[in-house]
Amino acid sequence: MHTYHDSLDLVRERSPERPVALVRPDCTAVAGRWFQDNFKGDVLYAVKANPSDWVIKTLWENGVRKFDVASIPEVQLVARTAPGASMAFMHPVKSRAAITEAYFDYGVRTFSLDTHEELTKILEATGGAKDLNLMVRLAVQTEGAAYTLGGKFGVSTQDAPALLLAARRSTEELMGVCFHVGSQCMRPTAYQAAMAQASRALVRAGVFADVVDVGGGFPSVYPGMVPPAMEDYMESIHRGFDEMKVHETTELWCEPGRALVAESTSILCKVELKKGDALYLNDGSYGSLFDAAHAKWPFPVKMIRDGEASTELKPFRFYGPTCDSIDHMPGPFWLPDDVREGDYVEIGMLGAYGTAMNTRFNGYGDTETVGAADAPMASMFGLAKRSISLPRTEEEERKVVRFSRPKGKAGQKRRRR
Ligand SMILES: *Cc1c(COP(=O)(O)O)cnc(C)c1O
C-alpha cells in the first residue's frame with residue numbers, strides 16, 4: 001500500500017478519478033493499545049465495523065488476540081490474516097452449517113445465543129460438544145446510543161433466568177452474559193446500568209457467570225456528537241463489574257468495533273457537478289456514505305484543491321453517483337463557497353461502517369485504498385491536531401445536532417446494528 005503525506009499530496013500527484021480511502025493504520029494501532037491498557041479485561045475487535053485486511057493485521061500486531069465474528073466469511077478473514085487468533089461467534093442467530101464449520105474447521109468455541117432454540121442448534125451442530133463457551137445475549141436499555149440495537153436481539157429480563165440456567169447446564173466450559181448498549185453510545189453509565197440488569201438476571205437464575213461481555217458501543221467523535229472521554233466509559237464498566245455478583249475468576253470482555261477504526265479512514269471524493277447548494281460526488285450512500293445518508297450524520301469535510309480557495313465557508317449537501325434519489329447526504333457540509341467541478345472533498349471519520357458498507361450498485365463502489373500519514377480529523381485518543389470543520393458557532397452546533405438524530409420510517413428501516 002503506497003502512503004501519501006495527505007490527500008493534497010495524492011491530488012497533486014495523480015488526480016484520482018475513483019473515490020480513494022485514505023487509511024491510517026497508526027490510528028487503529030493507538031486505539032487498540034489504548035483499549036488493552038485501559039480496559040481491565042479481554043478486548044475482542046468486532047470485525048464488521050471494518051473488515052479490511054490491514055485492520056485485522058494492525059490490531060493483531062498490536063496485541064489484540066481475540067475477534068468478534070458474525071459469519072463464515074468473517075471467520076475465514078481472521079483465520080487468514082491473523083492465524084492463531086481466537087474467535088467468538090457473537091451473532092445470536094447462525095445457520096447450522098456455519099456453526100458446524102466454525103467449530104470443526106476453524107476451532108471456534110465461543111457462541112452467543114438468545115433463545116432455547118439457538119442453544120439446541122449450537123449443541124446439535126457441534127455434535128453435542130462439551131467444550132463450548134456459551135454466551136447469553138441479554139436485551140438491555142439502549143437510550144444512550146445514536147444507533148440502538150434493541151429489538152432485534154437479546155433475551156428479555158423475564159425470560160433470561162431460564163435461558164441462563166439452560167446454558168449453564170449445557171457446558172463444562174464457560175457460561176457468560178453479553179449485551180450491546182447500542183452503537184455510538186453517548187452515555188458512559190449505560191454500561192453500568194446494563195451490568196446491573198445482567199447481575200439481577202443471574203441472581204434470579206441462581207447461577208454465576210464465568211464471563212461478563214459488555215459488547216461494543218464505544219463512541220467516536222462526529223460533528224454534533226462529541227462524547228464524554230473514553231476514560232469515563234472504562235470507569236463506568238469497572239464500577240459496574242465491581243458491583244456485580246460474580247466470582248473471583250469471572251472474566252471481563254469487551255467488543256469494540258467503531259472506536260478502534262472510525263478515526264483511521266477518510267474518503268477522497270471528486271466533485272462531478274455543482275448545482276446550487278448541491279454537490280454531486282463520485283461516492284455516496286451505496287458506497288462509503290451510508291450513515292451520512294440514512295442516519296443523516298454530518299461527517300467532517302475538507303475541500304482539497306491544488307491552488308487558492310475562498311476562505312468563506314457555506315453549507316452544502318451531497319448527492320452520490322447512482323441514479324437513486326435516496327443517494328442524498330443532507331449534511332450540512334461546510335466548504336469554501338467557491339467549490340466547483342473538479343475539486344476534491346475529503347470526508348473524515350469513515351473508518352467504521354464507512355468503507356465496510358460499500359456496494360457495487362449502478363456500477364460504482366470501486367474504491368481504491370492508499371495510506372495517509374497525516375492526523376485524523378478528530379480523535380478520542382488525542383491524535384487530532386485540530387478538529388477541521390467541526391461546527392464553529394453555537395448556532396451551527398444546534399443545527400448539526402438536529403440533523404444527527406435519525407427519525408422516521410426510512411431511518412428506522414435501514415438501521416442495522
Ligand atoms: C456491531 C457489534 C459490535 C460492535 O459495535 P460498535 O458499536 O461498533 O462498537 C460488538 N458486538 C456485537 C455483538 C455487535 O453486533
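Read the numbers this way: they start at 1 and go in the same order the structure lists the ligands and their atoms.
- Assignment of Y353 to the shell around ligand 1 is supported, since a heavy atom sits closer than 4.0 Å.
- Residue-level proximity to ligand 1 for H91 is absent, since no heavy atom of it falls below 4.0 angstrom.
- Proximity of a side-chain donor or acceptor of Y344 to a complementary backbone N or O of S7 within less than 3.5 Å is not detected.
- For F104, there are no ring-ring contact (aromatic ring centres under 6.0 Å, His included) partners at least two apart in sequence or on another chain.
- For ligand 1, the atoms closer than 4.0 angstrom to any heavy atom of G217 are 5 (O), 6 (P), 7 (O), 9 (O).
- When the options L8, D9, V271, D6 are evaluated for a side chain to side chain contact (heavy atoms under 4.5 Å, CB included) with I304, the one that passes is L8.
- Ligand 1 has a nitrogen or oxygen under 3.5 angstrom from a nitrogen or oxygen of G257.
- Any N or O atom pair closer than 3.5 Å counts here, and Q184 shares no such pair with ligand 1.
- Interface atoms of ligand 1 facing S183, defined by a heavy-atom separation under 4.0 Å, are 6 (P), 7 (O), 8 (O).
- To the nearest 0.5 Å, the span separating NZ on K121 from CG on L113 amounts to 10.5 Å.
- Under the ring-ring contact (aromatic ring centres under 6.0 Å, His included) criterion, F67 pairs with no residue, sequence neighbours left out.
- Taking 4.0 Å as the cut-off, R137 counts as a neighbour of ligand 1 on heavy-atom distance.
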